[in-house]
Number of protein chains: 2
Amino acid sequence: MAKYSAVLDDVFVALADPTRRGVVRRLGEGPATVGELARAYPMALPSFMKHVRTLESAGLIRTAKTGRVRTCVLDRERLAVVEDWLAEQRHVWEQRTDRLEQFIGEEDS
Amino acid sequence: MAKYSAVLDDVFVALADPTRRGVVRRLGEGPATVGELARAYPMALPSFMKHVRTLESAGLIRTAKTGRVRTCVLDRERLAVVEDWLAEQRHVWEQRTDRLEQFIGEEDS
DNA sequence: TCAATACTTAGCCTCGTGGCTAAGTATTCG
DNA sequence: CGAATACTTAGCCACGAGGCTAAGTATTGA
């Protein structure tokens with residue numbers, strides 16, 4: 001466990017930008033083309049495409065080109081690594097609480 | 001909602017580094033001093049301190065100096081913003097699924 | 001008091017990220 | 001065919017992140 005550091009890096013980095021979180025959110029509603037997605041942001045297309053590529057290489061989205069249009073889809077599986085990390089974090093915390101309780105128990109006896 | 005963009009930025013950026021995730025994980029087990037934390041990483045202390053400051057200004061940890069020692073504590077509240085973002089994301093997805101089901105239902109009738 | 005400890009400050013360096021423009025390619029529509 | 005559309009490629013730029021060393025400050029133990 002915790003061996004997915006590289007994946008976690010990529011996913012957290014990808015989510016650490018409001019534009020990219022916006023895209024993830026939008027794609028949660030369903031697939032969209034690069035053009036449709038880009039329209040929501042005040043930046044040049046090449047700049048926007050970098051965000052798309054970042055999301056794609058983080059595995060958060062998949063894209064495919066049909067004709068001259070590239071369509072993007074959310075890959076919800078990948079978001080699970082964040083959930084997993086949070087779960088692990090909770091687990092660490094709970095073990096700590098257990099130790100504290102045990103400590104108090106020992107004090108009692 | 002989704003107005004916490006700046007906070008989310010800071011939190012995701014803070015978590016997008018293995019050193020900092022390591023610190024968060026370690027602090028999940030309980031408070032520690034900067035020196036204790038730094039020992040686990042092969043970098044100079046000033047470099048490590050930057051990570052601590054990043055975590056602190058993201059609100060993920062709190063630190064306080066007593067004598068010459070600075071002690072760090074995890075602020076679990078702040079991790080909740082990540083959970084919240086994930087929950088919102090799930091919500092978006094579920095609404096989408098609902099719409100699809102409704103669409104199929106309409107087709108049926 | 002003096003040395004060791006535990007940061008802290010200052011300053012420098014390199015690389016990657018996020019933005020841009022300009023020009024190119026490949027489809028599609030009239 | 002020719003023009004419009006939808007990216008794509010190339011290349012540039014500025015800034016910030018993450019690393020370093022060297023030197024400074026403030027506590028603490030002997």
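A note on names: the letters A, B, ... follow the listed sequences, proteins ahead of strands, and every chain is numbered from 1. Excluded from the calculations below are hydrogen atoms, water molecules and symmetry mates; all remaining heavy atoms, backbone and side chain alike, are included.
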Visitor: Among the clusters formed by ILVMFWY side chains lying less than 4.5 Å apart, do Trp93(A) and Ile61(B) turn up in the same one?
Guide: no
Visitor: For dA17(D), does either OP1 or OP2 sit under 4.0 Å from a side-chain N or O belonging to His51(B)?
Guide: no
Visitor: Cys72(A) and side chain to side chain contact (heavy atoms under 4.5 Å, CB included): which partner among Val23(A), Leu55(A), Leu37(A)?
Guide: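 The option that passes is Leu37(A).
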Visitor: Rounded to the nearest Å, what distance is computed from the NZ atom of residue Lys50(B) to the P atom of nucleotide dA17(D)?
Guide: 9 Å
Visitor: Do the side chain of Glu36(B) and the main chain of Thr33(B) share a donor and acceptor less than 3.5 angstrom apart?
Guide: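 Such a contact is found between Glu36(B) side chain and Thr33(B) backbone.
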Visitor: Could you give the CZ-to-P distance, from Phe48(B) to dA17(D), as a whole number of Å?
Guide: 18 Å
Visitor: Shoot me the first and last contacting nucleotide of DNA chain C against chain A, ordered 5' to 3', at under 4.0 angstrom to non-hydrogen atoms.
Guide: dG18(C) to dT28(C)
Visitor: Considering only heavy atoms from C-beta outward, does the side chain of Leu74(B) approach that of Arg26(B) to under 4.5 Å?
Guide: no
Visitor: Determine yes or no for a side-chain-to-main-chain donor-acceptor pair under 3.5 angstrom, with Arg20(B) supplying the side chain and Ala14(B) the backbone.
Guide: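 A pair under 3.5 Å: yes.
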Visitor: What are the two closest heavy atoms between Trp85(B) and Arg21(A), and how far apart are they?
Guide: NE1-CD, 3.6 Å
Visitor: Enumerate the residue pairs fulfilling side-chain hydrogen bond (donor to acceptor under 3.5 Å, both in side chains) with a member in residues 71-84 of chain B, sequence neighbours excluded, ordered by first and then second residue.
Guide: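 Residue pairs with at least one partner in residues 71-84 of chain B: Arg90(A)-Glu83(B).
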Visitor: Rounded to whole angstroms, how far apart are CG on Leu55(B) and C1' on dG18(D)?
Guide: 14 Å
Visitor: Is there a path from Leu86(B) to Leu60(B) through hydrophobic residues (I, L, V, M, F, W, Y) whose side chains come within less than 4.5 Å of each other?
Guide: yes
Visitor: Please list, in numerical order, the residues of residues 33-40 of chain A that have a heavy atom closer than 4.0 Å to any atom of DNA chain C.
Guide: none
